[in-house]
Amino acid sequence: MSFPALMHNGNVLVLGLLALLLSACAHSAGSYDALAPLPPGGSLIQYTNLHLEATNKNEVPMTSIDRDRLLNKIARKLQVANRYKEIGTATSGPGTLYATIEFTDYDSGNAFLRFLLAGLGQIHIDGILTLENPEKSTPLAKYEVNKTFAWGGFYGMGTKIEDVEEGFVEAVTEILLEKNK
């Protein structure tokens, strides 16, 4: 094999590996901070069912289709983990944990600006996850959950908010599965 052919194959390999490496960013887990953590020694283990719902502030440009898609992604991830017997908006009764996400930002950004320069036209998904026991009058815990995507170039231009939702969903499920313990 000639040297130019090797260089071409090497370039293809490097570009392929770079694309593979970058593809994980949009789907990487978002971050979260406890605004009001579970009390010391507290756990969600006693809850067998999950009532899951979402709202958004009026100024957040999010449709009911967007909210339902995110809730379905969260529910599917939790079902795979086999943690809760029932998960849904109609779930209630003893042993049910109420989880509400209030979306505070849902911005698909600008693909063209992301293409021009990384950091411009960012995608943002932010929300407050509140965990409650309906039998008690105060929330069990409250978390701020965030996912931002800011890569540039063709990768940034080709990434949609639906791709970034996966990272937000991962952060929420980490909380509901208590993976941080």
Side-chain angles (χ1 to χ4, degrees), residues 23-109 122-151 159-181:
S23 67
C25 181
H27 298 287
S28 64
S31 62
Y32 56 90
D33 292 312
L35 300 175
L38 285 169
S43 177
L44 303 178
I45 197 71
Q46 72 267 20
Y47 298 100
T48 55
N49 300 317
L50 180 66
H51 177 98
L52 185 61
E53 61 185 25
T55 62
N56 58 283
K57 293 186 173 194
N58 289 336
E59 65 271 8
V60 176
M62 185 177 209
T63 67
S64 61
I65 294 169
D66 297 327
R67 286 190 307 273
D68 289 345
R69 183 179 56 249
L70 277 156
L71 289 178
N72 286 331
K73 287 179 180 182
I74 293 167
R76 281 194 305 271
K77 219 166 197 15
L78 291 170
Q79 287 167 343
V80 167
N82 202 23
R83 165 60 181 89
Y84 297 97
K85 282 193 250 178
E86 285 186 43
I87 302 168
T89 55
T91 305
S92 62
T96 300
L97 173 66
Y98 279 65
T100 305
I101 303 168
E102 180 185 30
F103 288 96
T104 56
D105 195 3
Y106 187 81
D107 184 1
S108 59
Q122 295 180 6
I123 298 173
H124 294 280
I125 305 173
D126 302 324
I128 305 293
L129 173 64
T130 304
L131 306 178
E132 296 178 284
N133 179 340
E135 298 166 5
K136 298 180 180 173
S137 60
T138 59
L140 295 170
K142 199 176 251 193
Y143 298 88
E144 182 178 40
V145 183
N146 305 292
K147 177 64 180 160
T148 298
F149 176 83
W151 280 89
T159 301
K160 299 181 181 118
I161 197 163
E162 291 85 357
D163 302 321
V164 178
E165 287 175 355
E166 297 298 329
F168 185 87
V169 166
E170 183 65 33
V172 171
T173 57
E174 281 182 16
I175 295 167
L176 294 171
L177 296 174
E178 296 185 285
K179 287 187 175 180
N180 58 341
K181 287 195 168 206

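- The shortest heavy-atom contact between Ala171 and Val145 is CB-CG1, 3.7 Å.
- Within the model, atoms CG of Asp126 and CG of Asp107 stand 9.5 Å from one another, a figure rounded to the nearest 0.5 Å.
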For Lys77 and Val169, what are the C-alpha separation, side-chain angles and deciding distance, and is it a side chain to side chain contact (heavy atoms under 4.5 Å, CB included)?
CA-CA 8 Å; Lys77 219 166 197 15; Val169 166; 3.7 Å; yes

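- In this structure, CD1 in Ile45 is found 11.5 Å from CG in Leu97, a value given to the nearest 0.5 Å.
- Side-chain contact annotation: Glu165 with Tyr106, donor-acceptor N/O pair under 3.5 Å present.
- Taking the six-membered ring where tryptophan is involved, the planes of Tyr98 and His51 are essentially parallel, since the angle between them stays under 30° and well short of 60°.
- Taken from CG in Leu52 to CD1 in Ile101, the straight-line distance is 5.5 Å, to the nearest 0.5 Å.
- To the nearest 0.5 Å, the span separating CZ on Arg83 from NZ on Lys85 amounts to 11.0 Å.
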For side chain to side chain contact (heavy atoms under 4.5 Å, CB included), just list the numbers for Leu38 and Leu44, CA-CA rounded to whole Å, side-chain angles, deciding distance to a tenth of an Å, and then say yes or no.
CA-CA 9 Å; Leu38 285 169; Leu44 303 178; 4.0 Å; yes

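- Between Leu140 and Tyr47 the shortest heavy-atom distance is CD1-OH, 3.3 Å.
- To the nearest 0.5 Å, atom CD1 of residue Ile65 and atom CG of residue Asn72 are 12.0 Å apart.
- You'll find the side chain of Leu129 reaches within 4.5 Å of the side chain of Ile175, heavy atoms only.
- Side-chain atoms of Asn49 come within 3.5 Å of backbone atoms of Glu86 as a donor-acceptor pair (strictly under, hydrogens ignored).
- Across all non-hydrogen atoms, the minimal contact from Ala141 to Pro37 is CB-C, 3.9 Å.
- Within the 4.5 Å cutoff, the side chain of Phe103 has no heavy atoms near those of the Ile128 side chain.
- Nearest heavy-atom pair across Pro139 and Glu132 is CA-CG, 3.9 Å.
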Decide yes or no on side chain to side chain contact (heavy atoms under 4.5 Å, CB included) for Ser108 and Lys160, but give the supporting numbers first.
CA-CA 7 Å; Ser108 59; Lys160 299 181 181 118; over 6 Å; no

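- Looking at heavy atoms from C-beta onward, Gln79 lies in side-chain contact with Ile87 at the 4.5 angstrom threshold.
- Between the side chains of Ser43 and Glu178, at least one donor N or O sits under 3.5 Å from an acceptor N or O.
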Check step by step if salt bridge (Lys or Arg N to Asp or Glu O under 4.0 Å) holds for Arg67 and Glu53.
CA-CA 9 Å; Arg67 286 190 307 273; Glu53 61 185 25; over 6 Å; no

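- Between the OH atom in Tyr32 and the CD atom in Glu170 there is a gap of 9.5 Å [rounded to 0.5 Å].
- For the side chain to side chain contact (heavy atoms under 4.5 Å, CB included) test with Met62, the passing option among Asp105, Leu70, Ile125, Ile161 is Leu70; the others fail.
- In plain terms, the two heavy atoms of Ala150 and Gln122 that are nearest each other are CB-CG, 3.6 Å.
- Taking each heavy atom of Tyr143 and Leu131 in turn, the nearest pair found is CE1-CD1, 4.0 Å.
- Between the side chain of Asp66 and the backbone N or O of Thr63, at least one donor-acceptor pair lies under 3.5 Å.
- Screening Lys73, Arg69, Lys147 for a salt bridge (charged side-chain N to carboxylate O under 4.0 Å, His left out) involving Glu166 leaves a single residue, Lys73.
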Would you check, one step at a time, whether the test side chain to side chain contact (heavy atoms under 4.5 Å, CB included) holds for Thr96 with Asn133?
CA-CA 7 Å; Thr96 300; Asn133 179 340; over 6 Å; no

